[in-house]
Amino acid sequence: AAGVIQSPRHLIKEKRETATLKCYPIPRHDTVYWYQQGPGQDPQFLISFYEKMQSDKGSIPDRFSAQQFSDYHSELNMSSLELGDSALYFCASSKRTKRGYEQYFGPGTRLTVT
Amino acid sequence: GENVEQHPSTLSVQEGDSAVIKCTYSDSASNYFPWYKQELGKGPQLIIDIRSNVGEKKDQRIAVTLNKTAKHFSLHITETQPEDSAVYFCASLSGSARQLTFGSGTQLTVLP
């Protein structure tokens with residue numbers, strides 16, 4: 001079965017640079033979520049999109065922005081990178097139905113800020 | 001907001017034994033409770049979930065129980081195998097929000 005695709009898998013940036021992470025949800029899934037996971041920590045919700053509109057917002061810094069496109073893929077844009085932004089960034093997708101809650105995670109993008 | 005606590009943080013069992021991981025949540029409006037398995041360098045993998053209108057769910061060697069009154073839910077793995085070794089996260093989804101709140105994770109090690 002098709003899974004969530006994330007690119008790139010690894011990214012190294014310097015402080016104050018920008019980064020763009022991409023997420024391609026499972027086919028026919030209409031909702032995308034972004035999570036940040038620091039070393040040894042649990043995933044923290046950043047932001048989600050449903051049908052190309054922002055749905056929920058979590059602990060996403062103002063330096064970050066995201067959007068969902070017409071083909072349902074999503075991009076997380078990160079500017080003025082800081083050392084503390086080094087983490088695993090996961091995208092998850094789901095099919096929003098009355099009873100559908102399952103979120104399926106991608107393999108993640110490991111961002112290292114030096 | 002929702003708060004999920006997970007115990008224990010580390011768990012070592014002998015191959016073939018059972019493993020139990022427990023979580024509590026704070027928001028009485030939470031209605032969906034998934035469990036994820038995360039192997040090193042990989043994304044969390046949904047292994048089982050339970051909704052608030054169900055008390056127990058089983059899938060082969062894995063089972064989850066939910067006590068809504070006490071606001072706690074547990075993961076039970078029977079006949080553990082070395083490939084079960086991973087970090088396990090519980091999570092909850094509250095009300096109309098679709099964002100998951102995760103527990104702090106349990107590092108399960110199955111000793112051969």
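Numbers restart at 1 for each chain; the letters A, B, ... are given by sequence-line order, proteins then strands.
- We find the CZ-CZ distance between B/Phe89 and A/Phe105 to be 9.5 Å, quoted to the nearest 0.5 Å.
- Most heavy-atom pairs under 4.5 Å with chain B, from the set A/Tyr104, A/Tyr33, A/Tyr50: that is A/Tyr33.
- One hydrophobic cluster, built from ILVMFWY side chains closer than 4.5 Å, holds both B/Tyr88 and B/Leu66.
- Rounded to the nearest 0.5 angstrom, A/Tyr101 OH and B/Leu100 CG are separated by 12.0 Å.
- Hydrophobic clustering places A/Phe64 together with A/Leu83 (ILVMFWY residues linked when any side-chain heavy atoms are closer than 4.5 Å, directly or through intermediates).
- With a threshold of 4.5 angstrom between heavy atoms, B/Pro34 does not approach chain A through any atom at all.
- Counting heavy-atom pairs closer than 4.5 Å to chain A, the top residue among B/Gly41, B/Gly1, B/Gly43, B/Ala91 is B/Gly43.
- The CG atom of B/Leu93 lies 10.0 Å from the CZ atom of A/Phe45; values are rounded to the nearest 0.5 Å.
- Dense packing is recorded around NZ of A/Lys13, with more than 12 heavy atoms of other residues, nucleotides or ligands lying under 6.0 Å away.
- Proximity to chain B is limited to the side chain of A/Tyr35, based on heavy atoms less than 4.5 angstrom apart.
- When the shell of 6.0 Å around CD of B/Gln60 is examined, it contains 12 or fewer heavy atoms from other residues, nucleotides or ligands.
- The environment of NZ in B/Lys68 is sparse: at most 12 heavy-atom neighbours from other residues, nucleotides or ligands sit within 6.0 Å.
- B/Ile21 and B/Ile47 fall within a single hydrophobic cluster, where Ile, Leu, Val, Met, Phe, Trp and Tyr are joined by side-chain heavy atoms under 4.5 Å apart, directly or via other members.
- For chain A, the nearby part of B/Gln38 is the side chain; its heavy atoms alone come within less than 4.5 Å.
- Atom CG of B/Leu40 has 12 or fewer heavy atoms from other residues, nucleotides or ligands within 6.0 Å.
- Scanning residues 101-112 of chain B against chain A with a 4.5 Å non-hydrogen threshold yields B/Phe102, B/Gly103, B/Ser104, sorted by number.
- Within the 4.5 angstrom heavy-atom criterion, atoms from both the backbone and the side chain of A/Gln103 approach chain B.
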* For side chain to side chain contact (heavy atoms under 4.5 Å, CB included), just list the numbers for A/Glu102 and B/Tyr32, CA-CA rounded to whole Å, side-chain angles, deciding distance to a tenth of an Å, and then say yes or no. => CA-CA 9 Å; A/Glu102 297 88 349; B/Tyr32 172 68; 3.5 Å; yes
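- Only the side chain of A/Gln37 comes within contact range of chain B, with at least one heavy atom under 4.5 Å from a heavy atom of that chain.
- Crowding of B/Lys58 atom NZ: a count of heavy atoms from other residues, nucleotides or ligands under 6.0 Å not exceeding 12.
- The environment of CG in A/Asp62 is sparse: at most 12 heavy-atom neighbours from other residues, nucleotides or ligands sit within 6.0 Å.
- Linking ILVMFWY side-chain heavy atoms closer than 4.5 Å, directly or via other members, places B/Val20 and B/Val64 in two distinct hydrophobic clusters.
- Within 6.0 Å of atom CD in A/Gln41, more than 12 heavy atoms from other residues, nucleotides or ligands are found, so the atom counts as buried in its surroundings.
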